[in-house]
Amino acid sequence: MASSSASSSSQKDTVSLRRQRILCSKLYFDVPTSKAPLIYSSTYDIAFLGIEKLHPFDSAKWGRICGFLIKEGVLDKTSIVEPLEASKDDLLVVHSESYLNSLKNSANVAMIIEVPPVALFPNCLVQQKVLQPFRNQVGGTILAAKLAKERGWAINVGGGFHHCCGGKGGGFCTYADISLCINFAFVRLNITRVMIIDLDAHQGNGHEMDFANDSRVYILDVFNPGIYPFDYEARRYIDQKVEVVSGTTTHEYLKKLDEALEVAAHTFVPELIVYNAGTDILDGDPLGRLKISPDGIASRDEKVFRFAHERSIPIVMLTSGARSHVLSLCQKVYSYGPRFSFPNDLAVLIFCRVLCTSWSEDGSVKPLGCIGTF
């Protein structure tokens with residue numbers, strides 16, 4: 001009996017400390033209405049003596065995407081929101097002290113990001129060149145929820161580290177930004193129900209473990225079961241599991257997505273959607289092994305945004321997994337021109353690795369700083 005009482009007291013202390021850390025965090029700040037709900041910083045990009053190129057994940061894609069959109073006149077550089085870096089106290093909202101301490105060992109970081117030579121470098125360099133960019137992206141994901149609630153939508157040109165949970169990293173994911181974002185939203189935004197729509201080719205085992213049996217979070221995960229991470233325990237905690245095997249084509253994929261969104265709509269009513277929009281489903285991606293066309297990815301994103309818009313649910317979009325093809329994909333989808341429109345002249349956000357474009361009814365492109373709210 002005494003043991004049970006002590007355990008209950010310890011749990012209350014943990015919850016209280018987590019809440020206090022969230023309330024004291026500086027990651028939420030007011031953003032002028034002149035800024036678009038698009039979050040990015042040049043500090044997102046990872047450049048570490050070229051060693052980062054040993055992993056198929058394109059760790060400099062975020063800057064190239066924004067650079068492309070700025071060059072095309074779609075995105076005004078001054079309209080981008082720059083987030084703050086997540087501090088240790090911020091990370092402790094979800095992560096254990098022991099896990100964060102493990103990142104002080106370069107060999108552990110090397111295993112998580114799957115780049116063995118990183119183990120040979122002093123940890124001070126690894127912190128600066130690898131982990132700090134990840135912490136900046138975490139700050140962006142957390143801020144995105146606040147912006148989404150205020151504007152209807154927000155996109156972090158980064159984040160989506162869905163293989164990391166509170167006590168373990170993996171698959172190029174060092175911090176659990178999705179879990180952190182949702183925990184901050186519970187406390188700071190008074191949100192009680194969140195839907196995660198994870199459309200990266202890989203299973204989102206990190207957030208699935210963090211929200212195991214948590215009725216406040218509904219997880220829709222569409223993934224290829226024949227590729228990493230093969231986390232069968234985490235699959236038990238997926239509310240709606242949609243498996244798309246290697247070779248799945250665009251038509252079949254979009255059909256399954258339509259059906260899944262219909263089921264989700266009748267099963268759970270969220271106050272916030274976190275959309276993990278990996279483009280490693282693209283035909284030719286060596287890790288995703290699916291056969292989705294660039295046009296199909298644009299349609300996928302439109303479907304998810306329409307799902308949120310038609311129900312007036314704020315949506316956070318994270319860019320998640322994609323490999324070195326991302327800029328060419330961005331260019332291909334952009335070249336298709338305007339095809340979508342929302343009611344009341346609100347343009348759809350077409351994002352293929354954050355292809356965020358606002359189209360007017362006359363077919364012209366609006367700079368991102370001009371986009372309104374849902």
Point to revise | Within one Ile-Leu-Val-Met-Phe-Trp-Tyr cluster: V187 and L147, side-chain cutoff 4.5 Å | key: yes
Practice item. Quick one: do T78 and D76 satisfy side chain to side chain donor-acceptor pair (under 3.5 Å)? Show the steps, please. Key: CA-CA 5 Å; T78 62; D76 182 352; 3.0 Å; yes
Check your understanding: How many angstroms lie between atom OG1 of T33 and atom CD of E150, to the nearest 0.5 angstrom?
Key -> 10.5 Å
Study note, to complete from the structure: Here the gap from E208 atom CD to Y237 atom OH, rounded to the nearest 0.5 Å, amounts to 11.0 Å
Study note, to complete from the structure: Nearest heavy-atom approach of S293 to L282 is C-CD1, 4.0 Å
Check your understanding: Side chains of L84 and L27: closer than 4.5 Å at any heavy-atom pair?
Key -> yes
Review point. Do K26 and D90 meet the salt-bridge criterion of a basic N to acidic O distance under 4.0 Å?
Key: no
**Study point:** CA sep, side-chain torsions, deciding dist, call: H163, Y228, side-chain contact (heavy atoms from CB on, under 4.5 Å)
**Key:** CA-CA 10 Å; H163 297 309; Y228 178 90; 3.8 Å; yes
Point to revise | Donor-acceptor contact below 3.5 Å, side chain N156 vs main chain Q137 | key: yes
Check your understanding: Is L180 reachable from L100 through a run of I, L, V, M, F, W or Y residues, each pair having side-chain heavy atoms under 4.5 Å apart?
Key -> yes
Review point. How far apart are the C-alpha atoms of V242 and L220, what are their side-chain angles, what is the distance that settles it, and do they pass the side-chain contact (heavy atoms from CB on, under 4.5 Å) test?
Key: CA-CA 8 Å; V242 181; L220 164 58; 4.0 Å; yes
Review point. Can you name the closest pair of heavy atoms from R289 and G226 and give their distance?
Key: NH1-O, 3.8 Å
Practice item. Spell out, yes or no, whether I227 and I297 are grouped together once hydrophobic residues are joined by side-chain heavy atoms under 4.5 Å, including indirect joins. Key: no
Check your understanding: Any side-chain heavy-atom pair from K146 and V31 closer than 4.5 angstrom?
Key -> no
Review point. Taking all atoms of both residues into account, what is the closest heavy-atom pair of L254 and G296, and its distance?
Key: CD2-O, 3.8 Å
**Study point:** T250 side chain near D295 side chain, heavy-atom distance below 4.5 Å
**Key:** no
Review point. Is the backbone N or O of E271 less than 3.5 Å from a side-chain atom of R193, with the two atoms forming a donor-acceptor pair by type?
Key: no
Check your understanding: Within a radius of less than 6.0 Å around NZ of K303, do more than 12 heavy atoms belonging to other residues, nucleotides or ligands occur?
Key -> yes
Review point. How about F134 and F172: are their ring centres within less than 6.0 Å of each other?
Key: yes
Point to revise | ILVMFWY network linking I191 to L23, side-chain heavy atoms under 4.5 angstrom | key: yes
Exercise for review: Give the intermediate values and the outcome of side-chain contact (heavy atoms from CB on, under 4.5 Å) for residues T174 and V130.
Suggested key: CA-CA 10 Å; T174 57; V130 179; 5.5 Å; no
Review point. Step by step, would you call H95 with C164 a side-chain contact (heavy atoms from CB on, under 4.5 Å)?
Key: CA-CA 10 Å; H95 290 291; C164 186; 3.6 Å; yes
Check your understanding: Any side-chain donor paired with an acceptor under 3.5 Å for T43 and N136?
Key -> yes
Point to revise | Interatomic distance, I313 atom CD1 to I273 atom CD1 [nearest 0.5 angstrom] | key: 4.0 Å
Check your understanding: Is a side-chain N or O of N123 found less than 3.5 angstrom from the main chain of K104, in a donor-acceptor match?
Key -> yes
Review point. Knowing that exactly one of L257, D280, I281, T279 qualifies, which makes a side-chain contact (heavy atoms from CB on, under 4.5 Å) with L199?
Key: L257
Check your understanding: Which heavy atom in I46 sits nearest to a heavy atom in P133, and how many Å separate them?
Key -> CG1-CB, 3.8 Å
**Study point:** Side chain T267, main chain V263, donor-acceptor under 3.5 Å
**Key:** yes
Review point. Does NZ or CZ of R216 lie under 6.0 Å from the centre of the six-membered ring of F186, at an angle within 45° of the ring axis?
Key: yes
Review point. S106 side chain to F121 main-chain N or O, any donor-acceptor pair under 3.5 Å?
Key: yes
Check your understanding: Minimum heavy-atom separation for A201 to G288, with atom names?
Key -> CB-CA, 3.8 Å
Check your understanding: Taking the six-membered ring of Y232, is the NZ or CZ of R236 close enough (under 6.0 Å from the centre) and on axis enough (within 45°)?
Key -> no
Exercise for review: Classify the side-chain pair S102/N108 by whether it contains a donor and acceptor separated by less than 3.5 Å.
Suggested key: no
Point to revise | Heavy-atom pair of closest approach, residues T141 and G159 | key: OG1-CA, 3.8 Å
Check your understanding: Linking I/L/V/M/F/W/Y whenever their side-chain heavy atoms sit closer than 4.5 Å, directly or via other members, would F29 and I142 fall into one cluster?
Key -> yes
Review point. Any side-chain heavy atom of L103 sitting closer than 4.5 Å to one from I112?
Key: yes
Check your understanding: With a 4.5 Å limit on heavy-atom distance, are the side chains of Q240 and Y218 in contact?
Key -> yes
Exercise for review: Please answer whether the main-chain N or O of Q132 pairs with a side-chain N or O of E85 as donor and acceptor at a distance below 3.5 Å.
Suggested key: no
Check your understanding: Would you say D177's side chain and G160's backbone share a donor-acceptor pair under 3.5 angstrom?
Key -> yes
Review point. Can you find a heavy atom in the side chain of V194 that is under 4.5 Å from one in the side chain of F211?
Key: no
Point to revise | Close side-chain approach of Y175 to L131, heavy-atom, < 4.5 Å | key: yes
Practice item. Starting at NZ of K35, measure out to CD of E82 and round the result to the nearest 0.5 Å. Key: 7.0 Å
Exercise for review: Please examine the side chains of I80 and V157, heavy atoms only from C-beta on, and report whether any two atoms are closer than 4.5 Å.
Suggested key: no
Check your understanding: Within the distance-only criterion (no hydrogens, no angle test), does the side chain of S320 pair as donor or acceptor with the backbone N or O of N276 below 3.5 angstrom?
Key -> no
Point to revise | N/O donor-acceptor pair under 3.5 Å between D198 side chain and D200 backbone | key: yes
Practice item. Could you tell me the separation between the CD1 atom of I219 and the NZ atom of K241, rounded to the nearest 0.5 Å? Key: 13.0 Å
Review point. Are D89 and S25 close enough that a side-chain donor and a side-chain acceptor fall under 3.5 Å?
Key: no
**Study point:** Whether H162 and H207 hold their rings parallel, tilted or perpendicular, with breakpoints at 30° and 60°
**Key:** tilted
Practice item. Evaluate whether atom NZ of K256 has more than 12 neighbouring non-hydrogen atoms of other residues, nucleotides or ligands under 6.0 angstrom away. Key: yes
Revision key, fill the gap. dist I292:CD1 -> S299:OG (nearest 0.5 Å) comes out at 10.5 Å
